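Here's the structure, in structure tokens; my notes come after.
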2 protein chains.
Amino acid sequence: MALDHAILVSLLERPGSGYELARRFERSIGYFWTATHQQIYRVLKRMEGDGWIDVREVPQQGRPDKKEYSVAAAGRAALSAWLHEPIEPESVRHDLAVKIRGAAFDDPAALIREVERYRQVHGERLAHYLAGEVRDFTGPGAPQASGPPDAGRELQHVVLRGGIAYERMTLAWLDDVLATLRRLGAAR
Amino acid sequence: MALDHAILVSLLERPGSGYELARRFERSIGYFWTATHQQIYRVLKRMEGDGWIDVREVPQQGRPDKKEYSVAAAGRAALSAWLHEPIEPESVRHDLAVKIRGAAFDDPAALIREVERYRQVHGERLAHYLAGEVRDFTGPGAPQASGPPDAGRELQHVVLRGGIAYERMTLAWLDDVLATLRRLGAAR
DNA sequence: CGTACCATGTAAGTGGTTACATGATTCG
DNA sequence: CGAATCATGTAACCACTTACATGGTACG
């Protein structure tokens with residue numbers, strides 16, 4: 001049940017509305033946690049009821065009004081408690097791996113197109129992450145770290161490096177998969 | 001909803017009981033899909049009702065009788081249909097990444113122990129995969145591939161290589177995370 | 001004689017997905 | 001005037017988790 005905590009972290013990084021959170025979950029936070037707006041609104045309502053977050057009605061011009069949420073003391077405490085409680089490394093679920101093993105009982109070559117699609121998606125994600133890294137961390141326009149290190153910045157960067165490493169690894173593996181599928185197709 | 005298909009693949013590789021499937025999901029199939037016995041029994045019942053799988057009562061001595069399931073024609077067809085239908089690369093959920101970003105609002109150094117625990121778990125998984133690879137694929141005792149390549153074997157191996165690559169990448173990243181956390185702790 | 005393993009289930013709860021619903025504003 | 005974006009929700013359903021339940025055999 002880390003959606004609560006993912007939302008708390010995001011609101012600590014910057015307060016915002018349910019709609020804005022949903023957009024963030026399509027991007028930066030979405031790199032390691034996904035959520036739809038329906039889910040987010042439900043959780044926000046619950047956390048508001050529990051006093052974890054505060055709401056502020058923000059009138060806007062040219063746009064619908066919005067409710068801006070920010071983390072209350074109780075929410076900070078709940079997040080801190082969760083941070084200190086150990087969690088098990090999560091279990092993995094890879095549809096593609098199921099498909100690959102299933103292909104042994106069907107036509108392996110028919111999977112090639114599917115794997116190529118995956119390869120493209122992961123290639124795009126990698127490019128996206130790398131662009132973000134240059135923009136926010138390593139590029140010339142990026143804010144310079146002067147004086148003591150900014151913990152939030154460093155931690156965001158190391159998470160992003162994880163995403164980059166994951167995509168690179170995945171691309172290399174998908175190439176391995178493609179080579180294997182092609183080898184099996186050629187040998188028939 | 002790939003649990004159905006993961007079970008079908010596993011039953012195609014070798015027919016078995018719900019209990020046996022549950023054990024497999026703790027090992028080989030569990031590398032890329034998890035399921036508890038409660039889930040498995042429910043899905044087996046449903047697939048049996050749909051005519052996807054056949055049951056055979058197998059009396060045993062010294063053990064309780066078991067129901068051995070095997071894939072029926074309709075199940076094979078359902079699997080084939082799924083294999084040919086495109087699926088989106090699945091979304092990721094990493095509690096640890098949420099925790100790392102959350103640590104910026106708490107004590108980063110307190111996360112070190114948690115990350116070390118993760119590191120150990122992933123190290124064990126890697127060792128487990130590598131042992132399996134030697135045993136089943138690359139070792140001297142492993143069945144030799146003579147003549148035409150065995151598609152099932154090759155495909156199982158490439159999936160396992162994916163698991164190995166994933167664990168290696170994760171270990172390297174966790175070292176990066178640890179170094180970052182320690183740097184932040186030392187700079188305070 | 002207790003623990004571990006084999007074997008199969010039910011029930012309740014939670015988290016997540018999909019579909020439906022509304023309504024205003026901006027831009028081409 | 002249609003599509004996209006901003007903004008917030010309800011309802012139904014499905015997948016998954018956790019807790020509870022039973023009962024036999026093997027082994028040290």
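Reminder, nothing fancy here: chain letters follow the sequence lines and each chain counts from 1. Because the structure is predicted, anything quoted here is derived from the model rather than measured.
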Note: for A:Leu3 and B:Arg63 on DNA chain C, the residue whose nearest nucleotide lies more 5' is B:Arg63

If only side-chain N and O atoms of A:Arg23 are considered, is one of them under 4.0 Å from the OP1 or OP2 phosphate oxygen of D:dC6?
yes

Report yes if a side-chain nitrogen or oxygen of A:Tyr19 is closer than 4.0 Å to either non-bridging phosphate oxygen (OP1 or OP2) of D:dC6; otherwise report no.
yes

Taking atom P of D:dA7 as reference, at what distance in whole Å does atom OH of A:Tyr69 sit?
13 Å

Whole angstrom is fine here: how far is it from NE2 in B:His37 over to C1' in D:dG23?
14 Å

If you assign each of A:Pro64 and B:Thr34 to its closest nucleotide in DNA chain D, which residue comes earlier from the 5' end?
A:Pro64

Take the protein atom CZ of A:Arg93 and the nucleotide atom C1' of C:dT17, then report the distance between them rounded to whole Å.
15 Å

Separation between NE2 (B:His5) and CE (B:Met47), nearest 0.5 Å, reads 9.0 Å

Sole candidate of A:Lys66, A:Lys67, A:Arg63 that passes salt bridge (charged side-chain N to carboxylate O under 4.0 Å, His left out) when paired with A:Glu20:
A:Lys66

Please check if the side chain of A:Asp107 supplies one atom and the backbone of A:Ala109 the other of a donor-acceptor pair under 3.5 Å.
yes

Nucleotide nearest B:Lys45 (side chain, heavy atoms from C-beta), chosen from D:dT10, C:dT10, D:dT18
C:dT10

With hydrogens left out and only the distance checked, is there a donor-acceptor pair under 3.5 Å joining A:Arg42's side chain and the base of C:dT17?
yes

May I have the distance from B:Asp65 (atom CG) to C:dG9 (atom C1'), rounded to whole angstrom?
16 Å

How are the rings of A:His157 and A:Phe137 set relative to one another: parallel (under 30°), tilted (30 to 60°) or perpendicular (over 60°)?
parallel

Step through it carefully: locate the ring centre of B:His122, locate the ring centre of B:Tyr129, and say whether they are under 6.0 Å apart.
no

Mind calculating the distance between CG (B:Leu44) and P (D:dC16) to the nearest angstrom?
14 Å

When the distance from CG of B:Leu21 to C1' of C:dC6 is rounded to whole Å, what number comes out?
14 Å

Is any side-chain N or O of B:Gln38 closer than 4.0 Å to OP1 or OP2 of D:dC16?
no

Between atom NE2 in B:His5 and atom P in D:dA15, what is the gap in whole Å?
11 Å

With a 4.0 Å limit, can you tell me whether B:Ser17 has a side-chain N or O closer than that to the phosphate oxygens OP1/OP2 of C:dT8?
yes

Quick check on DNA chain C: between A:Arg46 and B:Lys67, whose nearest nucleotide comes earlier from the 5' end?
B:Lys67

Counting just side-chain N and O atoms, does A:Tyr41 come under 4.0 Å of either OP1 or OP2 of D:dG9?
no

C:dG16 C1' sits how many Å from A:Trp33 CH2, rounded?
11 Å

Hey, is the side chain of A:Gln60 poking within less than 4.0 Å of OP1 or OP2 on D:dC6, counting only N and O atoms?
no

